[in-house]
Amino acid sequence: MTTADSVPPSDFIRDIVSADLAAGKHSQVVTRFPPEPNGYLHIGHAKSICLNFGIAREFNGVCHLRMDDTNPTKEDVEYVESITEDVQWLIRGWADHVLRFKKPGSGRPEAVSPAEAGAEPFYASDYFERLHDYAVELIKAGKAYVCDLTPEETDRYRGAPDKEGIPSPYRDRSVEENLDLFARMRAGEFPDGARTLRAKIDMASRNVWLRDPLLYRIRHAEHHHSGRQWCIYPLYDFAHCLSDSVEGISHSICTLEFEVHRPLYDWILENLQVPQPRPHQYEFARLNLSYTVMSKRKLMQLVREGRVSGWDDPRMPTICGMRRRGVPAEALRQFAFSIGVTKYNGVTDVAVLEHSIRTHLNQHALRRLGVLRPLKVTLTNLPENHSEQLAAINLPDNPEAGSRLIPFSRHLLIEQDDFMEIPPPKFFRLRPGGEVRLKYGYIIRCDDVVRDASGTVVELLCTADLDSKTGGATSNRKVKGTIHWVSAPDAIRAQVRLYERLFSVPEPDAGDGNFLQHLNPDSLQTVEAFLEPSLAAATLEERYQLERVGYFYLDKESQGQNPVFNRTISLKDSWSKGTAKA
RNA sequence: UGCCUCAUGGUGUAAUGGUAGCACAAGUGACUCUGAAUCACUUUGUCUAGGUUCGAAUCCUGGUGAGGCAGCCA
C-alpha cells in the first residue's frame, strides 16, 4: 500500500458520512459509481471512483458499480465492457474488497464480490419492472399522469426559470384513465413521443425540475441489456433515486449540475413507499484539468475526426488512454486524493497530475539506458573488437531491485543534445576538448569531430580514461557532466512515441472558439531509438525510466523484435527551462 | 435579471469563533556517476462594505464576481 492510499483524506462529504454513522442513520455505508455506458471513462470519472470507493473502504462499506442505462438509443455493451475493465484496473489492489457486483441470475439485486462466477455490474435496466410498479403507485396516489403534449408544447408549457409554467391540459385525468393509458404505453400502442408519464408536482415552482417533470417516455428501441422487453423507458430523475433505493445506497454522490435535481430526488422517494432509511444525494465539483478537455462530446469528436488514434490514444485523458501511456493506477489515485473534494468549480493544474505520476514512477520505474537521437562516438583508444559488460543499477535507493549488465564497446551512440561545438555557459556535457562521464562507465574526452559534406557533425572521436570506470582507480575524478549512451553494435532498435500535452493552451474549451484550434501540433513525435539490449525483454508489468530522458511504457500493441514504447512523461528538466528563458 | 451553489497565494486545498497551514507551480542555494531525485531556503493569499464578538477566513446583512438549471440526455 502506498502512502497515498493509507492517508485518509477529509472533506465535507466524508464529514457527512461520518456524522451519519455516528448518529446511527445507516447501519452500513453503501455508495455507488453509476456511469452511463455511452462513452469511455476519463480522469474526471477517476475522481468520482476514488471518492465513492474510498469512502466505502474507509467506513467499512461497499460500493456498487452500476450502469445507469435508461436511454437505449445512446448506450452500448462496448461501453459497459470498457467501463467495467477501467474501474477494476483503477481500484485493483486498493478497493477490490469493497466493489460489489450483482449476483448472477438473481431477480433481486444482491451484492456479491466480482470474483463470484457470473457476477456482473448492476444495471438500472434490471429494475425496469420495479420502476414501472413504482410509477403505477404514483398514478394511483394521484401524483402522476399521462400527458399528451408534444415535445414542443411540453417545453412551452414548462415556462422559463424566471417565468412560471402552465399546467398541462391533461394534468387532471382520472386515476383510471392514467392507469389505462400508461398500460397501453407499455403495451406499445403509441408511437415514440406521443405521450409521457409526468409527476404532478408544481408548475409554478421556482425550480423548473419540479414543474411536472417527465418520468417515462416512449422509445420503440432495442436496449443493449434488456433487449426488446420495453418500449417505455424511465428518465434519469425517476430511475436514479429509485435505483439507489432498490440497492440500499446510503450516500448517493454526484456532481454539482445535479444540485437542482435534488428536490426531485427527494420528492420521488418521499412520495413512494420505499425502504427506510432512504438514500440522500450529495454533490461535489467535477474535475477540470488545465490543457485538457473532459466532456464526452469533445472526446468523442477527437476520436471520430481522427485527431487521436482512438479512445485509448495515450494523449487522451481517458483511463484506458492513460493506462496505455503507462500511468500507474496508484498515481491516478494519489492524484485524486491530492486535489480534494469541494463544491468550488475550479481548474486543477495538470502539473499536479504530472507530479503524482513522476513521484510514483521515480520510485518504481526500472532505470535503463537509451538514445533517442543518436550521435556516433568512436573511442579511438579501444581496439575494434573491444567488448565488456558494465554493471548498472536497476533502481537507485532500492538495492533489492538488483542490477544488470550493459554491453560496452568501441562504437557508441550518445544523444545529439549532449554535444555542442560552441556551448553556452554552464553547459556541462560534451564539447570539443571536453570531458564527460558515461553513466556506469568511463570518462571520455572529445578529441575531434567528423563532419559530413554539409558540415554537420556526424561523429565524435574520443578517448576513454581506462582507469575511470565505475569502481576503478580514478573513478572518483570529478567531471561535471554524466551522459547516457548505448553500444552501437549491441543496441536494439525501437519505435519511441514522444507524447506531450494534447492542447497548447490552459483552457482549450474556454471562450466561444473551437477547442480544436488549440490542439498541440507536436503532441506526438515518433523517433527510431537505440536502446540497451535488456529492453528487448520489456513487459507490460514494468515501467522504465530511460535515464536523463523520461519514463516509458511498452505499447500494448507492440510485438516482435522492434518494440514500441510510449513516453509516459518526461523527466523534469531545469536545464532547458533555464536556456529557453535566456 | 427566477432559483440553487460557490468565493483563502499563480493553481488546488486546510483551518468547523482563538498563531492563516499544506501541495503543485515559480525562484535561490547545497548535493549529485540521471541538469532527475533528495535537502535547505524564498516569493505570493482570506472578493468587498458593514455588523456581532475580547477575538471573524469562519457567524449575520448588503454588494460584487463565478458556475449550474428551462432534453421526451445523464
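Chain A is the first sequence line, chain B the second, and so forth, proteins listed ahead of strands; every chain is numbered from 1.
Note: NZ (A:Lys426) to P (B:rG35) measures 15 Å, nearest angstrom. Between the C1' atom of B:rA37 and the CD1 atom of A:Ile569 lies a distance of 15 Å, rounded to the nearest Å. Residue A:Phe284 contributes atom CZ, which lies 23 Å from atom P of B:rC4 at whole-angstrom precision. Whole-Å rounding puts the A:Leu395 CG to B:rU38 P distance at 14 Å.
Neither OP1 nor OP2 of B:rG35 sits under 4.0 Å from any side-chain N or O of A:Arg429. Distances shown here put every side-chain N or O of A:Ser356 at or beyond 4.0 Å from the OP1 or OP2 atom of B:rC24. Distances shorter than 4.0 Å separate some side-chain N or O of A:His355 from OP1 or OP2 on B:rC24.
A parallel orientation is assigned to the rings of A:Phe182 and A:His132, their planes being inclined by less than 30° (bins at 30° and 60°). Below 30°, between 30° and 60°, or above 60°: for A:His45 and A:His42 the angle between ring planes is between 30° and 60°, a tilted geometry. Aromatic ring pairs are classed by plane angle as parallel below 30°, tilted from 30° to 60° and perpendicular above 60°; the pair A:His261 and A:Phe258 is perpendicular. By the 30° and 60° cut-offs, the orientation of the rings of A:His240 relative to A:Tyr265 is tilted. Ring geometry for A:Phe128 against A:Tyr233 counts as perpendicular: the plane angle is over 60°, on a 0 to 90° scale with 30° as the lower cut. Using cut-offs of 30° and 60° for the angle between ring planes, the A:Tyr123 and A:His224 rings count as tilted.
No hydrogens or angles considered: a donor-acceptor pair under 3.5 Å links the side chains of A:Arg368 and A:Ser534.
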- [ ] Summarise how protein sits on nucleotides 67-74 of chain B as a single string, 5' to 3': B when a protein heavy atom is under 4.0 Å from the base, S for sugar-phosphate-only contact, - for no contact.
- [x] SBSBSBSB
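Taking the C1' atoms as reference points, B:rG27 lies 34 Å from B:rG67, given to the whole Å. Rounded to whole Å, the C1' atom of B:rA14 lies 7 Å from the corresponding atom of B:rG21. B:rU53 and B:rU61 have their C1' atoms separated by 16 Å, with the value rounded to a whole Å. To the nearest whole angstrom, the two P atoms, one in B:rU1 and one in B:rU43, are 48 Å apart. If you take atom C1' in B:rG17 and the same atom in B:rU46, they sit 15 Å apart, rounded to whole Å.
Looking at which nucleotide of RNA chain B each of A:Lys572 and A:Ala351 is closest to, the 5′-most match is held by A:Ala351. Across the interface with RNA chain B, nearest-nucleotide mapping of A:Ala285 and A:Thr482 shows A:Ala285 to be the residue nearer the 5′ end.
Candidate nucleotides B:rG35, B:rG2, B:rA7 were compared by shortest atom distance to the side chain of A:Tyr344, and B:rA7 ranks first.
In this model, a side-chain donor or acceptor of A:Gln545 finds a partner on the base of B:rU34 within 3.5 Å.
Applying side chain to side chain contact (heavy atoms under 4.5 Å, CB included) to A:Leu215 and the options A:Leu138, A:Ile232, A:Ile139, A:Asp237 leaves one that passes, A:Leu138.
Look at B:rG10: its glycosidic torsion is beyond 90° from 0, and that puts it in the anti range.
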- [ ] Could you walk me through whether A:Arg211 and A:Glu164 pass salt bridge (charged side-chain N to carboxylate O under 4.0 Å, His left out), step by step?
- [x] CA-CA 9 Å; A:Arg211 323 243 261 227; A:Glu164 282 189 9; over 6 Å; no
- [ ] Represent RNA chain B in dot-bracket notation, 5' to 3'. Only Watson-Crick or G-U wobble pairs with both distances under 3.5 Å count; pseudoknot-style crossings use [ ] and interstrand partners use |.
- [x] .((((((..((((....[..)))).(((((.......)))))....(((((..]....))))))))))).....
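For the pair A:Asp212 (side chain) and A:Arg198 (backbone), a donor-acceptor distance under 3.5 Å is absent.
Using a 4.0 Å heavy-atom cutoff across all strands shown, A:Lys469 reaches at least one base atom of the nucleic acid.
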